[in-house]
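Contents: one structure, followed by commentary.
The sequence lines fix the lettering, A, B, ..., with proteins before strands; numbering per chain opens at 1.
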Number of protein chains: 2
Amino acid sequence: MSVKHPKLFEQLKALAGVTAAEWLKAEALAQEQALKKKDCFVRPGDPSDRFGVVLQGLFRAFRVSESGGESVKAFRSEGEMIGPYAELLQGIPSLTAIEALEPSRVLFWKSRDFQRLEQGHACWSMLARRVAEQHYILKERREQEFLDLSAEERLLRFWQEYRRLEKRLPQREVAAYLGITEVALSRIMSRRRKRA
Amino acid sequence: MSVKHPKLFEQLKALAGVTAAEWLKAEALAQEQALKKKDCFVRPGDPSDRFGVVLQGLFRAFRVSESGGESVKAFRSEGEMIGPYAELLQGIPSLTAIEALEPSRVLFWKSRDFQRLEQGHACWSMLARRVAEQHYILKERREQEFLDLSAEERLLRFWQEYRRLEKRLPQREVAAYLGITEVALSRIMSRRRKRA
DNA sequence: ACACCGAGTTAACCCAGGTTAATGCCGGGC
DNA sequence: GCCCGGCATTAACCTGGGTTAACTCGGTGT
């Protein structure tokens, strides 16, 4: 048996000291899933019992409010984690939809299987901790942006952070990420064009 | 030697399986600090090398933007954690100020000392993980509120969540937590009064 | 070629919140 | 007693974003 996803392994080794032996076990438990554009990895109401890593493609994690509006919590592309993470931690069904914006492939685990890995080696707990910490740092950064930046400034920061996704993201999704409507975003962009 | 802070111990035991023996070690390493109103437990620029628990009193964690505005990231009262947590994880100096809103006492640890505890027993790693997870869940909830709630709706939720702090929080601080000015908050409240 | 649909743009109108400034209301210090 | 400084309120005015709706510009499918 040999490692099927060496890049992923390197990443986890660096992050949490995952060993080659443990990674082989993990790969044995993992499943792969292919998704077409608009397919969901998770939809609201699903049990929060799986999480994965994007092998190829692009996802958006979003919620629909009672009023029907969609707000985007995150975009995730190659090498990044996807899953209804907060709900999984709380042991509740997913409130989040995670949808492919492009034809995509993910490698995923059932959370039961991951728990079995955790029993076997401390590196997996360490990984869970690092993941929680990273996620926290990101959300805190975003909180700060909502607290003291205007929509236009948030847009700027967004493109600094997600340069690599330029051209892959429809504008409506960017607007839903910023917490504004597509109309407002269009207006902001034309304002900027004029000022320039 | 006996346990000095039994309530805290129970809390950590339930959360992460901290044992009595380990907790005694932790108490031995901890220091206590008394703060007057407006004293800071941490101020911007300080090294991020300490964190603590509120024994008594009330704190606000906030940041000042370049424009001089203050935005409040969290309020913390008895039994809750304080510290420049995100910065500590990143190994950078604090960007956050943590200030007492009332005369307060905190029990705190140097992060070096906590690392020594971690070496000694897995419960401390588990605790660190649980703390990261809880913090994450909270920030995600807040993100959601910014994404699809108006300032008035956020105010409502705020009071649901922080009922216990009613009367202890000056209005200006609540406004800074919601991401609006005190003027706007005052307006919202008078609107509500009229409608009622 | 045609109709159609989804995505982005633009305009008109409304409202929430920012800004500035004046006013009122304590509570503390002299 | 008096004054003063911090905090909340109110008003006037401005601006940014929401809403609705019309229009354009590619695709895509038939």
Side-chain angles (χ1 to χ4, degrees), chain A residues 36-39 58 60 62-72 75 99-103 144-159 165-196, chain B residues 36-39 58 60 62 64-72 75 99-103 145-159 165-196:
Chain A
K36 296 192 299 293
K37 195 169 168 169
K38 286 187 176 257
D39 280 354
L58 177 59
R60 70 195 248 254
F62 67 102
R63 268 170 78 163
V64 296
S65 62
E66 309 120 32
S67 44
E70 296 184 352
S71 57
V72 170
F75 299 110
E99 187 201 72
L101 291 174
E102 305 173 353
Q144 202 57 41
E145 291 174 2
F146 278 115
L147 278 170
D148 43 48
L149 270 44
S150 67
E152 180 162 356
E153 294 169 308
R154 294 206 299 280
L155 174 63
L156 233 94
R157 294 245 184 136
F158 176 78
W159 282 127
L165 296 185
E166 224 173 333
K167 294 286 138 201
R168 295 172 73 181
L169 286 179
Q171 218 156 282
R172 51 185 308 95
E173 307 301 341
V174 177
Y177 180 88
L178 297 176
I180 61 180
T181 61
E182 41 181 343
V183 181
L185 178 52
S186 180
R187 230 171 353 212
I188 289 173
M189 293 181 52
S190 85
R191 266 206 304 268
R192 292 180 56 75
R193 245 175 278 133
K194 263 162 212 155
R195 278 202 307 258
Chain B
K36 296 191 301 292
K37 196 170 166 167
K38 287 184 174 259
D39 280 355
L58 177 59
R60 71 195 247 254
F62 68 100
V64 296
S65 62
E66 308 119 32
S67 43
E70 296 185 352
S71 55
V72 170
F75 299 111
E99 185 201 73
L101 292 174
E102 305 172 353
E145 291 174 0
F146 278 115
L147 279 171
D148 42 48
L149 270 44
S150 67
E152 180 163 356
E153 297 168 305
R154 293 206 301 279
L155 174 63
L156 232 94
R157 294 244 183 137
F158 176 78
W159 282 127
L165 296 185
E166 224 172 334
K167 292 288 139 199
R168 294 171 73 181
L169 286 179
Q171 216 154 283
R172 54 185 306 95
E173 306 302 342
V174 177
Y177 180 88
L178 296 175
I180 61 179
T181 60
E182 42 182 340
V183 181
L185 178 51
S186 179
R187 233 175 348 217
I188 290 174
M189 291 182 53
S190 85
R191 267 207 303 268
R192 291 180 56 75
R193 246 174 277 133
K194 263 163 211 158
R195 277 203 307 259

Checklist entry - Once you round it to whole Å, what is the distance between P of dA16(C) and CG of L149(B)? => result 15 Å
Checklist entry - Considering only side-chain heavy atoms of T181(B), which listed nucleotide, dT10(C), dG17(C), dT19(C), is closest? => result dT19(C)
Checklist entry - Backbone N or O of L178(A) within a donor-acceptor pair of the R154(A) side chain at under 3.5 Å? => result yes
Item to check | Between P of dA16(C) and CG of L178(B), the distance in whole Å | outcome: 16 Å
Checklist entry - Can you name the one residue among R60(B), K36(B), K38(B) that meets salt bridge (Lys or Arg N to Asp or Glu O under 4.0 Å) with E99(B)? => result R60(B)
Protein N or O to nucleotides 27-29 of chain C N or O, pairs below 3.5 Å:
none

Next on the checklist: Can you tell me which nucleotide in dA21(C), dG8(C), dA11(C) comes closest to the side chain of V183(A)?
Outcome noted: dA11(C)
Checklist entry - For residues 150-158 of chain A, which residues have at least one heavy atom under 4.0 Å from DNA chain C? => result none
Checklist entry - With a non-hydrogen cut-off below 4.0 angstrom, is G179(B) in contact with a base, only sugar-phosphate, or nothing? => result sugar-phosphate
Checklist entry - Looking at the side chain of R172(A), which of dT10(C), dA7(C), dT9(C) is the nearest nucleotide? => result dA7(C)
Next on the checklist: Expressed as a whole number of angstroms, how long is the span from D148(A):CG to dG18(C):C1'?
Outcome noted: 15 Å
Checklist entry - How long is the span from the CE atom in M189(B) to the CD atom in E152(B), to the nearest 0.5 Å? => result 11.0 Å
Next on the checklist: Once rounded to the nearest 0.5 Å, what's the spacing between atom CZ of F146(B) and atom CG of L147(A)?
Outcome noted: 4.0 Å
Checklist outcome for this item: M189(B) CE to dG17(C) P, in whole Å, measures 14 Å
Checklist entry - Just how far, in rounded Å, is P of dG6(C) from CG of L101(A)? => result 17 Å
Checklist entry - Counting only heavy atoms not in R192(A), do more than 12 fall under 6.0 Å of its CZ? => result no
Checklist outcome for this item: R192(A) atom CZ is separated from dT9(C) atom P, nearest whole Å, by 14 Å
Next on the checklist: Within this structure, what is the CG-OG distance for the pair D148(B) and S67(A), rounded to the nearest 0.5 Å?
Outcome noted: 7.0 Å
Checklist outcome for this item: Between CD1 of I180(A) and P of dG17(C) the distance, given in whole Å, is 16 Å
Checklist entry - Do NZ/NE/NH1/NH2 and the carboxylate oxygens of K37(A) and E102(A) come within less than 4.0 Å? => result no
Checklist entry - Quick one: how far along DNA chain D does chain B reach, first to last nucleotide 5' to 3', anything under 4.0 Å to a heavy atom? => result dC7(D) to dA12(D)
Checklist outcome for this item: Interatomic distance, CG@L58(B) vs CG@L169(B), rounded to 0.5 Å, equals 5.5 Å
Item to check | Residues, nucleotides or ligands: over 12 heavy atoms within 6.0 Å of R157(B) CZ | outcome: no
Next on the checklist: If I compare all heavy atoms of E182(B) with all of R172(B), which pair ends up nearest, and what's the gap?
Outcome noted: OE1-NH1, 3.1 Å
Checklist outcome for this item: In whole angstroms, the gap separating P of dT19(C) from CG of L185(B) amounts to 15 Å
Checklist entry - When you measure from the side chain of S186(A) to the backbone N and O of V183(A), does any donor-acceptor pair fall under 3.5 Å? => result no
Item to check | 5'-most by nearest nucleotide on DNA chain D - R187(B) or E182(B) | outcome: E182(B)
Next on the checklist: For P170(B), is there any backbone N or O sitting under 3.5 Å from a side-chain donor or acceptor partner on E173(B)?
Outcome noted: no
